[in-house]
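Chain A is the first sequence line, chain B the second, and so forth, proteins listed ahead of strands; every chain is numbered from 1.
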Amino acid sequence: MKDKEILAYIRSGIDEMPINILDNIKSTIVVKMIEHDDITRQDEKKSIKPLMSFVSVAAVFLLVFFNIQEFRLPDSHIYLDINPSIHITTNKRDNVIDLVAINNDAIGIIEGIEYKGKDLDIVTEEIMNSIVDKSYFNNDYDVMLVSVYNKDSEKSKNQVDKLNRVIKNKLDANNAHPIILSQSLDKSNTVEEFAEEYGVSIGKMTYIRNLIIQNPELKTEELVYLSLNELIKISQNTGIGPLVQEKTPTLINDEDDDDENDYKDHDDDDWDDHDKKNKTKSIKKRVIGEARAKEIALELANGKIVKFEFDDDDDDPEYKFEIIAYGYEYEIEIDAFSGKVIKFKQDDYDEDDDDDDDHDHDRNDKDDHDDHDHDDEDGHNNHNDHNDGNDEDDDDDDDDDD
Amino acid sequence: MLLFTFIMDDEPKRSNTKEIQIDENLFKRIGNNDMEALEELYHLTERTLYAYLLSIVKNHDETLDLMQETYIKIMSSAHLYKPMGKPLAWIFTVAKNLYLSRLRKNKRVIDMDSVELFDDLRFSYITDPDDKIVLESAFDILDEEERQIIFLYAVSGLKHREIAESIGLKLSTTLSKYHRALKKLRNHLTEGGVGYEG
């Protein structure tokens with residue numbers, strides 16, 4: 001008997017065995033595990049041990065030594081993302097127990113910072129010094145994402161608060177005015193997994209997840225490679241209103257009162273204000289020129305310009321761009337006088353551009369005389385949006401858990 | 001002679017076997033409760049996992065039980081899966097750990113080798129007598145690892161290297177066990193007591 005014949009018999013023998021378990025499996029209600037157990041662990045060869053008794057002994061152990069461990073156990077996780085991403089771990093007393101560079105850019109920043117056992121505020125200040133020194137905040141539209149995770153959501157909010165103050169003081173002292181986004185994280189395993197897989201911080205990953213919740217067409221794999229700035233530009237296009245802060249559900253702007261006006265000023269001048277326009281001011285000015293317009297457009301979507309047009313309307317001259325970048329097609333319109341971005345639209349690549357949007361846009365222009373009056377209202381709405389956003393978020397997590 | 005022609009018909013089976021390629025993204029999708037992804041994984045791995053477990057458990061019904069447990073365990077932990085390039089190895093690990101924990105729970109390690117090997121119940125599903133003889137021989141004379149390797153090679157379409165990776169053995173070990181196992185079977189089936197050739 002030949003080898004092949006033997007194998008063929010075995011195969012057909014096994015193939016004859018009736019297996020009909022798929023329906024059973026599919027109808028089973030599965031509880032998602034929080035972390036790998038000894039059955040599913042992926043580490044190299046690990047046999048299972050009778051763990052139950054050990055775990056309960058360990059639990060008692062932990063209780064007894066809780067007070068001592070309080071100094072060493074991680075309590076809060078803080079993520080600072082600019083482009084460099086930094087992960088700070090603190091214990092219950094807000095002393096820093098670990099400081100990690102998540103990407104290469106961050107290595108230079110935390111190099112030489114003595115952190116062990118120091119107060120979080122002090123370490124944060126040192127990090128901010130280092131960041132400012134390395135001129136990450138040269139432009140007013142630079143963005144920094146501050147994310148805090150603590151099991152106690154009250155505490156993480158307080159910490160966001162505290163950090164914002166420290167950071168803001170430091171930045172003011174250095175005359176830097178980046179936009180600061182703050183979020184307190186709800187730690188979900190999926191986000192953590194993804195963050196680890198792609199080598200980004202949990203803070204940034206959460207931000208990405210929130211973007212995706214609002215715009216399911218976006219893909220994690222594409223977003224993780226974008227810088228924070230690029231992400232925020234995309235977020236501008238995904239949601240309800242023009243302000244970044246409105247569109248990210250878990251963002252908590254604890255310092256709205258102090259900072260919002262600052263943000264607004266920058267926003268108006270720069271890139272955030274894509275469907276508002278200040279006519280009276282612009283008429284007196286000269287056009288910014290094709291080169292500058294291109295520069296602005298490419299800052300928003302760094303890709304290939306496939307269409308460029310100068311719309312020489314007497315009142316509202318505009319530069320119009322179509323750019324292919326990150327696998328999307330972007331339509332960008334820039335006010336020829338002010339250089340303001342008045343339209344920023346992201347579409348799936350291939351899709352034809354539609355004229356409807358242009359009409360919409362024109363309508364917006366006409367309605368937008370009273371920007372500033374509305375800002376306050378927007379501000380209030382912000383808060384509502386946050387709450388809604390958080391609810392949505394929670395629901396989402398529940399789904400995950402089911 | 002009749003037998004021979006029958007065999008010739010059967011021979012191309014292995015070459016027809018589609019090699020299973022598990023896209024590790026499937027786990028991510030299963031982690032997101034994507035039932036299509038689960039079905040895809042199930043259909044890709046059904047016979048291979050069966051062959052693997054059967055070679056260890058040696059009992060059809062218990063194998064099915066464990067398969068079911070394995071897929072359910074995968075559903076509950078797929079979101080935790082870290083892509084490491086060895087998806088099948090993970091599935092096997094989960095399956096084997098479930099088997100081991102079951103043994104421990106039952107607190108009685110049944111020495112299957114001492115159980116009547118020609119237990120008709122176990123293979124009553126197989127109608128083809130030749131298939132049955134060969135399979136029974138595999139349980140009779142091969143050790144567990146040899147049987148795993150032979151079963152997986154026959155059923156899964158995996159290459160030796162991939163089998164070695166999936167069950168955590170060296171390629172050289174896998175190959176030598178494979179050849180030894182086939183030789184054992186060959187001798188057993190041609191010269192040995194079964195003597196169905198006549």
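Distance CD1/Ile10(A) to CG/Asp15(A): 12.0 Å, rounded to 0.5 Å.
Of the atoms belonging to Leu38(B), it is side-chain heavy atoms, and not backbone ones, that fall under 4.5 Å from chain A. Proximity to chain A is absent for every atom of Lys183(B), based on heavy atoms less than 4.5 angstrom apart. Residue Met75(B) touches chain A through both its backbone and its side chain, counting heavy-atom pairs closer than 4.5 Å.
Between chain A and the options Ser76(B), Ser77(B), Ala78(B), Ala89(B), the largest number of non-hydrogen pairs under 4.5 Å is found for Ser76(B).
With ring centers used as reference points, Phe151(B) lies 6.0 Å or more from Tyr52(B).
For the residue pair Thr28(A)/Tyr71(B), the side-chain donor-acceptor check at 3.5 Å is not satisfied.
The pair Lys155(A)-Asp75(A) meets the salt-bridge criterion, since a charged nitrogen lies less than 4.0 angstrom from a carboxylate oxygen.
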